[in-house]
Amino acid sequence: MVDAGETVTLRLARALARDGYSVDTCRSGPTLAGQLGAGTYEIIVVGAGTADGAGLCANLRTAGVLAPILVVGRGASPRESATALDAGADLLMVAPVDVDELLARVRALLRRAHGHAVVRCGPVVVDRVGRRALVDGQPLVLTGREYTLLAHFASRPGEIVSRADIMARAWNTRLAASSNLAEVHVARLREKLRSHAWMIETVYGAGYRMRASRK
DNA sequence: TCAATTACCGATCTATATCC
DNA sequence: GGATATAGATCGGTAATTGA
């Protein structure tokens, strides 16, 4: 999420995080360019406080960024809207933005970009667009962090996921590496998986591995 | 030494009650 | 009826303890 107006950004970012999204924020296009180098994003939201939203869109597209871009404008005229869309924006919303509508637009853009992306790993099914998870067809009630962790594991079955990777994905590495947050949340996730807790296997000294079936 | 578990705390959200 | 205040619930985090 790019926005120079921090108050608005924080409010929307908080709403997105509450909905289970992992959110990075930055205040300008150049800052975003640096962050894009460090990782990939499923969607980019350009806030109303950004000086040149259309220009930023154009730069992102020129740089080869394919992720959907949602631009929040300040009462944009039809001409300004057209400029932003032509520059590479996928959707334009006019501030002030209703948070529920923003979340719905984000989901819609992700649907358009990915289709109904469903990740399956044995009895676990993760709907990445609907942000739901099922085990043996039964819905799992997960918090945002727990969902992020499960989706991350499920998309890498059989692959060792290090704690550093977990921290980077779910916490954007903003916390100290000495924190045992990953352990705590994995434990909570296992608790909710109940009889399927075996699916998250500890790889001593390396991290965790998601297994689709018992050995 | 590393990983798992548990208890506890603070921040935030939500539902309900009260007041104007 | 709408706005505001309050209490309880929930979530995310830290720290301490235990076990392999």
Side-chain angles (χ1 to χ4, degrees), chain A residues 1 3 5-26 35 38-39 41-43 45 47 49 72 95-107 110 121-124 126-135 138-215:
Chain A
M1 176 170 273
D3 197 331
E6 277 194 3
T7 304
V8 177
T9 302
L10 287 176
R11 192 166 60 85
L12 297 181
R14 201 175 296 150
L16 286 164
R18 196 169 53 243
D19 212 38
Y21 293 91
S22 178
V23 183
D24 276 346
T25 57
C26 64
Q35 293 188 203
Y41 293 89
E42 289 185 271
I43 189 166
V45 178
V72 179
V97 174
D98 178 81
V99 171
D100 289 334
E101 185 185 0
L102 175 76
L103 293 175
R105 298 285 186 189
V106 166
R107 285 192 290 269
L110 289 173
C121 180
V124 169
V126 178
D127 178 355
R128 299 177 69 175
V129 175
R131 302 192 77 76
R132 296 178 307 144
L134 306 172
V135 177
Q138 298 299 311
L140 265 182
V141 180
L142 301 175
T143 65
R145 290 273 191 247
E146 288 164 355
Y147 170 82
T148 301
L149 274 186
L150 182 62
H152 192 49
F153 281 130
S155 63
R156 292 161 178 77
E159 188 179 319
I160 293 176
V161 180
S162 69
R163 283 174 180 72
D165 191 20
I166 291 171
M167 297 300 280
R169 179 70 181 183
W171 286 272
N172 303 312
T173 66
R174 279 195 282 266
L175 294 164
S178 59
S179 168
N180 69 339
L181 265 180
E183 284 91 339
V184 170
H185 283 274
V186 166
R188 287 173 179 168
L189 187 54
R190 280 172 168 156
E191 193 177 329
K192 290 193 175 177
L193 287 170
R194 302 176 73 162
S195 63
H196 293 85
W198 53 266
M199 294 187 71
I200 302 177
E201 178 187 23
T202 300
V203 182
Y204 203 84
Y208 301 94
R209 179 166 49 209
M210 184 97 179
R211 284 166 40 201
S213 60
R214 289 183 188 270
K215 285 177 184 171

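Throughout, a chain's letter reflects where its sequence line sits, starting with A, and its residues are numbered from 1. Note that these values count all heavy atoms, side chains included, but never hydrogens, waters or copies made by symmetry. This structure is a prediction, so every number in the text was calculated from the model and none was measured.
- Note that CE of A:M199 and CG of A:L150 are 8.0 Å apart. Values are rounded to the nearest 0.5 Å.
- Between A:Y147 atom OH and C:dG12 atom C1' there is a gap of 19 Å when expressed in whole angstrom units.
- Nucleotide B:dA4 holds its C1' atom 14 Å from the CG atom of A:L189, rounded to whole Å.
- Atom NE2 of A:H185 and atom P of B:dA3 are 17 Å apart (whole Å).
- One can place CG of A:L149 at 13 Å from P of B:dA4, the figure rounded to the nearest angstrom.
- Here A:L149 contributes atom CG and A:M210 contributes atom CE; the two are 11.0 Å apart, rounded to the nearest 0.5 Å.
- A:L140 has its side chain within reach of A:L193: a pair of non-hydrogen atoms, C-beta onward, lies under 4.5 Å apart.
- The only option from A:R190, A:E183, A:R209 that meets the side chain to side chain donor-acceptor pair (under 3.5 Å) definition with A:T202 turns out to be A:R190.
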Under a 4.0 Å heavy-atom criterion, the protein footprint on nucleotides 5-11 of chain B, written with B, S and -, is BB-----

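- In this structure, the separation between CG on A:D127 and CG on A:L134 is 8.0 Å, given to the nearest 0.5 Å.
- In this structure the side chain of A:F153 never reaches within 4.5 angstrom of the side chain of A:V126, judged on heavy atoms.
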